[in-house]
Visitor: 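Got a structure for you, written out below as structure tokens; questions coming shortly.
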There are 2 protein chains.
Amino acid sequence: MGVVRKTQSVSLVLDAFNAENKAISVIDLVERFSDKINKTTVYRVLDRLEDDGVLHSFLGVNGIKWYAPCKGCSEHKHTDVHPHFQCTDCGKIDCLNVDITIPNLPNREVAGAQVLIQGKCEACCN
Amino acid sequence: MGVVRKTQSVSLVLDAFNAENKAISVIDLVERFSDKINKTTVYRVLDRLEDDGVLHSFLGVNGIKWYAPCKGCSEHKHTDVHPHFQCTDCGKIDCLNVDITIPNLPNREVAGAQVLIQGKCEACCN
DNA sequence: TATATTAATGCAACTAAGTTGCAAATATAC
DNA sequence: GTATATTTGCAACTTAGTTGCATTAATATA
Ligand SMILES: [Zn+2]
Ligand SMILES: [Zn+2]
Ligand SMILES: [Zn+2]
Ligand SMILES: [Zn+2]
């Protein structure tokens, strides 16, 4: 499963993530490639890249889907969390390299967590 | 702002939350009141109840909107977090009464966070 | 209690994100 | 170079949520 062939669409999408070191929303990708890649294809390429462990996805505010490159972040222990930070000013999202430990919950079995921290990013703090 | 009048729709919605002590998705509410309240009205009633501090909203998996009653949980400090737990088996979401402290992020200004923990709920753990 | 005022509702039409089926195009294997 | 299987584009669809506007219902006032 995942990416089997190195097609033009795959290259274009990967180039986008290599160029800027941050998360990119699907909406943004669909828009910026609108004259090169069909909307459906963008969704499918991202899907395959995620299956392949090249990208990971998560939801930003308003439930919009974002993708970011994986840097071995897919092999965390299940109670550790890879949080994301979304700037309320510029909208940018970064992967955070800190671990947030979820406390043990009595009578529950924790399998994972999604943490979205909101605030002002470095650039917007001045 | 918020709820000004105690209408039939407001009573029906509040009754639903009083009857079961858990979060309810908007989709569920729209569906279960489909013969009594118009879809648009459901959305607007929930909006007003949230403005009024009666309910709070958050996103479950797939970015679907959920609401739950507020129990003074709207007056937390901004670095403390009121997390939610969604069961991967039955889909139920509960508000968690634990505080997850977000670490200080250098050069960033944290304003809040959304934490969705996933796993098996008490009922589904057996 | 009747009337005026304003908020709330229903409806239909719309938007936006994401999905599906299928035929045509393209990458890889042989 | 040809065969095979994957990928793509397109159009049509689905689903969650929103908007404008005319009608209805709740509250205030007399
Ligand atoms: Zn910023
Ligand atoms: Zn990330
Ligand atoms: Zn459960
Ligand atoms: Zn809650």
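Labels below follow one simple rule: chain letters A, B, ... track the order of the sequence lines, proteins then strands, and each chain is numbered from 1.
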Visitor: Walk along nucleotides 13-20 of chain C from 5' to 3' and tag each nucleotide B, S or - by protein heavy-atom contact under 4.0 Å, base first, then sugar-phosphate.
Guide: ----SBBB
Visitor: A/S57: which residues meet the side chain to side chain contact (heavy atoms under 4.5 Å, CB included) condition with it, sequence neighbours left out?
Guide: A/E50, A/K65, A/Y67
Visitor: Using side chain to side chain contact (heavy atoms under 4.5 Å, CB included) as the criterion, list what pairs up with B/T7, not counting sequence neighbours.
Guide: B/R5, B/S9, B/V10
Visitor: Atom CG of A/D52 and atom P of D/dT6: how far apart are they, to the nearest Å?
Guide: 14 Å
Visitor: List in chain and number order the residues that pass side-chain hydrogen bond (donor to acceptor under 3.5 Å, both in side chains) with B/D28, two or more places apart in sequence or in another chain; answer none if no residue qualifies.
Guide: B/R32
Visitor: When Ile, Leu, Val, Met, Phe, Trp and Tyr are grouped by side-chain heavy atoms lying under 4.5 Å apart, directly or through other members, which residues fall in the same group as A/I93?
Guide: A/I27, A/F58, A/I64, A/W66
Visitor: Encode nucleotides 25-30 of chain D as B, S and - characters from 5' to 3', where the letter depends on protein heavy atoms closer than 4.0 Å: B to the base, S only to sugar-phosphate, - to neither.
Guide: BBS---
Visitor: Of the listed nucleotides (D/dT8, D/dG9, C/dG10), which one gets closest to any side-chain atom of A/N38?
Guide: D/dG9
Visitor: Please give, in whole Å, the distance from C/dA25 P to A/K36 NZ?
Guide: 21 Å
Visitor: Per the salt bridge (charged side-chain N to carboxylate O under 4.0 Å, His left out) rule, what does the pair list look like for residues 34-43 of chain B, sequence neighbours excluded?
Guide: none
Visitor: Return the value, rounded to whole Å, for the distance between atom CZ of A/F33 and atom P of D/dG9.
Guide: 12 Å
Visitor: Indicate yes or no: at least one non-hydrogen side-chain atom of A/L29 is less than 4.5 angstrom from one of A/F17.
Guide: yes
Visitor: When the distance from CG of B/L49 to P of C/dA8 is rounded to whole Å, what number comes out?
Guide: 11 Å
Visitor: Note down the inter-axis angle between the two ends of the helix from C/dT1-D/dA30 to C/dC30-D/dG1, five pairs each, to the nearest 10°.
Guide: 30°
Visitor: Under 4.5 Å side-chain heavy-atom separation, chaining through any Ile, Leu, Val, Met, Phe, Trp or Tyr, what else clusters with B/L59? Say none if it is isolated.
Guide: none
Visitor: Under 3.5 Å, which donor-acceptor pairs do the side chains of residues 119-126 of chain B form with other protein atoms, sequence neighbours left out?
Guide:
none

Visitor: Would you mind reading off the distance between A/I37 atom CD1 and C/dT26 atom P, rounded to a whole angstrom?
Guide: 14 Å
Visitor: Could I get the full list of side-chain hydrogen bond (donor to acceptor under 3.5 Å, both in side chains) partners for A/R44, not counting sequence neighbours?
Guide: none
Visitor: Could you state the interatomic distance from CG (B/N104) to CD1 (B/I102), rounded to the nearest 0.5 Å?
Guide: 10.5 Å
Visitor: Which residues, ordered by chain and number, are linked to A/V61 in its hydrophobic cluster, where ILVMFWY side chains connect at heavy-atom gaps below 4.5 Å, directly or through other members?
Guide: A/L116
Visitor: What is the separation between atom CD on B/E31 and atom P on D/dT15, rounded to the nearest whole Å?
Guide: 12 Å
